Amino acid sequence: MFVGLFAFLWIALPHSSLRAQSLEELIAALPEGTIPFLDVEARESLVKAKPTQEGEVQALGSLLVLKVERTKRFLSFGTGALSFEMVALPHSGGDILCCITTIKEPFVYSSISFFNKRGETLSPESLLPNCPIANLLLPEATDQDRANVFGLSRSISFSSSEEILNVSLVPESAPTEEEKEHWRTLLRPEPLRLKWKRKAFQLQ
């Protein structure tokens, strides 16, 4: 009897709630203005792009040529000074979209955001619980250095081939030349490597 009941419930559940969301669906659900210079039509043209190509989109009254990289669950595009990376991440509560925005001038600055399948913003802290920024410092760093390091800009990128989030710090974001040189001598050359583990990114 119970087997039959469970079978009925499985059939009765809406299949849209059981299947994974595609990258296209997650991007389409983003609120207008999430990508400042791209409207919905321009977004659709990007997600339909070939795996590697230059795409032309109409934005802000002019034609932009964007370099596009695309796989089934990853999309990156941008101009020389600005880039976006979007990754569809499998999650037990429904697939989510990870968005990385990187500004490259006057120094590299990245921000990271997460959205659920309805386009609602999720807390980055809950999805990046183990991102020990202080681990990017060499052992000779002082306690004061470990407290001040959080003021530096972060460079974030996603490797679609390895499915790894790379996080590093940018010494050029320090306010003075003396401080920039100070951080150059204290930061490890290797980034933090974070792997998606179903519910959050974890240190690899």
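Positions are given from 1 along the sequence. Just so we're clear, the structure is a prediction, and the values are computed from it rather than from any experiment. What you see below is based on every heavy atom in this structure, not just the backbone, and it leaves out hydrogens, waters and symmetry mates.
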Query - OH/Tyr109: more than 12 non-hydrogen atoms of other groups inside 6.0 Å - result: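 Not more than 12 within 6.0 Å, no.
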**Report entry** Lys199 NZ: over 12 foreign heavy atoms closer than 6.0 Å
**Finding:**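 Check fails, neighbour count at 12 or below.
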Minimum side-chain heavy-atom gap [X]-[Y] below 4.5 Å:
X: Asn166; Y: Ser159; value: yes
X: Leu165; Y: Val87; value: no
X: Leu194; Y: Cys131; value: yes
X: Leu137; Y: Arg146; value: yes
X: Glu125; Y: Pro129; value: no
X: Met86; Y: Ser76; value: no
X: Thr121; Y: Phe115; value: yes
X: Ile112; Y: Leu128; value: yes

Requested in this report: Take Asn116 and Asp95, measure what side-chain contact (heavy atoms from CB on, under 4.5 Å) needs, and give me the verdict at the end.
Outcome: CA-CA 7 Å; Asn116 64 20; Asp95 286 3; over 6 Å; no
Mind listing the closest non-hydrogen atom pair of [X] and [Y] along with its distance?
X: Lys180; Y: Pro171; answer: CG-O, 3.3 Å
X: Val170; Y: Phe107; answer: CG1-CB, 4.4 Å
X: Leu192; Y: Leu136; answer: N-CD2, 3.7 Å
X: Leu26; Y: Lys117; answer: CD2-CA, 3.7 Å
X: His91; Y: Trp196; answer: CD2-CZ2, 3.9 Å
X: Glu162; Y: Lys195; answer: O-NZ, 3.1 Å

Could you grab the distance from atom [atom1] of [X] to atom [atom2] of [Y], nearest 0.5 Å is fine?
X: Glu69; Y: Leu75; atom1: CD; atom2: CG; result: 9.0 Å
X: Leu97; Y: Ser113; atom1: CG; atom2: OG; result: 9.5 Å
X: Glu190; Y: Ser168; atom1: CD; atom2: OG; result: 11.0 Å
X: Ile100; Y: Phe114; atom1: CD1; atom2: CZ; result: 7.5 Å

[X] side chain to [Y] side chain, donor-acceptor N/O pair below 3.5 angstrom:
X: Thr142; Y: Gln144; answer: no
X: His182; Y: Asp145; answer: yes
X: Thr102; Y: Ser110; answer: yes

Query raised in the report: Going through the distances and angles, do Arg154 and Ile133 end up as a side-chain contact (heavy atoms from CB on, under 4.5 Å)?
Result: CA-CA 9 Å; Arg154 300 180 190 186; Ile133 291 299; 3.6 Å; yes
Report task. Report yes or no: does Trp183 contribute a side-chain atom to a donor-acceptor pair with the main-chain N or O of Val149 at less than 3.5 Å? Result ->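 Pair absent, no side-chain N/O of Trp183 close to backbone of Val149.
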Requested in this report: Test Leu23 against Arg73 for side-chain contact (heavy atoms from CB on, under 4.5 Å), laying out the working first.
Outcome: CA-CA 6 Å; Leu23 178 65; Arg73 300 186 69 83; 5.6 Å; no
